[in-house]
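As structure tokens, the structure follows; a few thoughts come after it.
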Amino acid sequence: MPEALAVLAVFVVAVVAWVGAWMQVRNPAQRNPREDFVQAQQHAAWLEQRLEVARRERWENHLVASLTNELDATQARARTLRATLPVT
């Protein structure tokens, strides 16, 4: 019986830690729009490099199209994020 209580206690602590971490991550006060914008720019630059490699190595058309669509979406997200940044 004491073993079961120990296992239950460990389980409860793990669940509480997981819920606490999840709530902290979901907290909108923790978001930094400038970091989100920089991350979107970096992701777009990486996608441009991958698209260049895909075209040079003549990947299949659907793969190139997928990269192009993702790049367009990422660039649109970066433009949206830039518009929400405070002017400094």
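Quick note: residue numbers are just sequence positions, from 1.
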A quick test of your reading: do over 12 heavy atoms of other residues, nucleotides or ligands sit less than 6.0 Å from [atom1] of [X]?
X     : atom1 : value
Asn61 : CG    : no
Arg58 : CZ    : no
Gln39 : CD    : no

Can you hop from [X] to [Y] via hydrophobic side chains spaced under 4.5 Å?
X     : Y     : value
Val13 : Leu8  : no
Val12 : Val15 : no
Val10 : Trp18 : no

Value rounded to 0.5 Å, distance of [atom1] in [X] from [atom2] in [Y]:
X     : Y     : atom1 : atom2 : result
Arg34 : Asp36 : CZ    : CG    : 11.5 Å
Thr68 : Asp72 : OG1   : CG    : 6.5 Å
Gln42 : Glu35 : CD    : CD    : 10.5 Å

Can you see which heavy atom on Trp59 is nearest to which on Glu57, and at what distance?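 Distance-wise, the nearest heavy atoms are NE1-OE1, 3.1 Å.
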
Using atom types as modelled and distance alone, determine if a side-chain donor or acceptor of Thr74 lies under 3.5 Å from a backbone N or O of Glu70.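 Yes, because the side chain of Thr74 sits within donor-acceptor range (under 3.5 Å) of the backbone of Glu70.
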
Solution key, residues 45-54 side-chain donor-acceptor pairs under 3.5 Å, sequence neighbours excluded:
from, atom 1, to, atom 2, distance (Å)
Glu48, OE2, Gln75, NE2, 3.2

Co-members of Leu85 in a cluster of I, L, V, M, F, W and Y side chains, linked at under 4.5 Å: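 Members besides Leu85, by chain and number: Phe37, Leu81.
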
